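Keep in mind that this is a model prediction, so the values were computed, not measured. Each chain gets a letter, A, B and so on, in the order the sequences are listed, and its residues count up from 1.
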Amino acid sequence: MNIDAEETQLLACIPRLRRYARALVGDRSAADDLVQDTLEKGWRKLSQWRRDSDMRAWLFGIMHNLHVDRVRRPRFTAVDLAEREDLLTTRAAQTDALDMRDLDAALRLLPQEQREVLLLIALEEMTYDEAAGVLGIPIGTVMSRLSRGREKLRAAMEGRIVAPPLKVVK
Amino acid sequence: MSPYPITEADIQAYVDGLLPAARRAEIDVYLANHPDEAARVAAYRAQNAALRSLFNPVLDEPVPGRLSVRPRASRHLRRLAAGFAIAIAGGAAGWTLRGTTQSGSELASLGGAAVQAGAHIDPLARQAAIAHVVYSPDVRRPVEIGAEQEDQLVAWLSKRIGAPIRPPKLGKLGYELIGGRLLPGNSGPVAQFMYHNVAGERLTLYVSTEQAQNHDTGFRFAQEGPVNVFYWIDGKFGYALSAGIDKGELARVSGAVYEQLEKPS
């Protein structure tokens with residue numbers, strides 16, 4: 001495989017990286033920042049990518065690591081320039097079953113690690129093995145996070161959890 | 001019934017269509033006899049479908065230009081760092097608020113942000129903004145060595161930092177160098193160059209070499225209180241341009257700084 005083919009492969013992953021980042025982060029501009037940083041790292045390390053491996057999984061792994069770093073250090077309000085002029089957002093069509101806005105809000109209630117697993121599987125349609133590889137965790141952990149994340153999302157969508165429960169002060 | 005008990009993992013894999021046909025058939029039977037579990041499976045499948053229909057439209061959005069081009073800047077900056085316009089080694093970013101009380105409410109508001117944000121946040125833009133607010137209002141002594149002694153400034157900062165360092169020329173954009181200073185970082189010096197225009201508006205360029213543990217970024221904008229900051233990180237180098245001036249104007253200047261970094265004169 002030559003360099004051009006690798007570049008093409010990387011570029012082809014961008015829409016999926018953007019979809020996942022949007023679902024993960026919520027905010028469009030912050031999501032694209034995450035994608036941009038992922039791509040910059042990806043371009044830089046493209047020569048280290050093993051050619052027999054899955055480019056998508058490799059890039060998602062890079063994004064996961066960057067995202068974990070970011071979650072650990074909350075950010076100073078930063079806006080990407082390109083985004084300010086481009087406020088055109090594609091809105092999903094409403095489905096009758098679920099209110100999409102509620103779904104997005106409910107998704108935000110999930111702990112970070114459950115949201116990641118759920119999105120890799122539901123949105124990216126990865127196998128549990130692939131998700132475990134991307135996140136660098138055992139498959140059993142993928143399964144338990146998936147199970148808990150789904151149940152929590154279901155509860156939120158059914159209105160059983162409106163807000164995160166209050167903590168009891170000892 | 002199957003000799004294997006139905007596990008939670010089976011249920012999840014059933015939802016995602018990841019079970020072999022034989023096992024799937026066994027789960028079908030199980031679900032027919034357990035309506036609660038069937039309802040749960042249906043809810044999870046609905047989640048999958050809803051997540052896709054919520055986020056799949058992103059796949060059809062036009063990809064922003066900044067994402068679809070292979071970045072080249074890093075390479076230029078690195079070559080440059082090897083010996084041209086602004087090249088610093090051995091410095092360190094990091095400005096803490098400890099002991100700085102003289103700069104009034106602007107600084108206080110930045111301090112609030114800093115405290116709120118914690119110790120490891122995107123420090124480059126914040127530190128640059130704080131350094132800007134601390135020094136730029138100083139009428140009498142905004143810099144340690146003035147532009148009239150630029151050779152001395154360059155020699156001194158280069159010596160302190162241990163590598164050649166030179167301020168970009170922004171005269172064509174209406175900004176003249178006032179001078180520069182050394183700032184305390186977490187583990188060494190950081191440089192700040194200050195410029196002004198005929199209206200007296202001041203602009204500072206903050207250069208740090210403490211970014212090695214951070215990942216590279218594209219051109220970014222941050223705003224905190226009255227200070228606008230354009231910044232980017234390349235390898236261990238971090239650059240931040242701060243000013244109270246209008247964002248568009250600052251973008252223009254940032255472009256020029258960036259260009260000089262790419263094409264050293």
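R22(A) contributes no side-chain N or O that, together with a main-chain N or O of L17(A), makes up a donor-acceptor pair within less than 3.5 Å. A donor-acceptor pair under 3.5 Å is absent between the side-chain atoms of Y44(B) and the main chain of A39(B), judged by distance alone.
For the atom pair CH2 (W58(A)) and CD (Q9(A)), the distance works out to 10.0 Å, reported to the nearest 0.5 Å. Taking CG of D28(B) as the start and CG of N33(B) as the end, the distance is 11.0 Å to the nearest 0.5 Å.
Interface remark: I14(A) contributes side-chain atoms only to the contact with chain B (heavy atom separation under 4.5 Å). Only the side chain of L107(A) comes within contact range of chain B, with at least one heavy atom under 4.5 Å from a heavy atom of that chain. Both the backbone and the side chain of L59(B) come within contact range of chain A, each with at least one heavy atom under 4.5 Å from a heavy atom of that chain. Only the side chain of E8(B) comes within contact range of chain A, with at least one heavy atom under 4.5 Å from a heavy atom of that chain.
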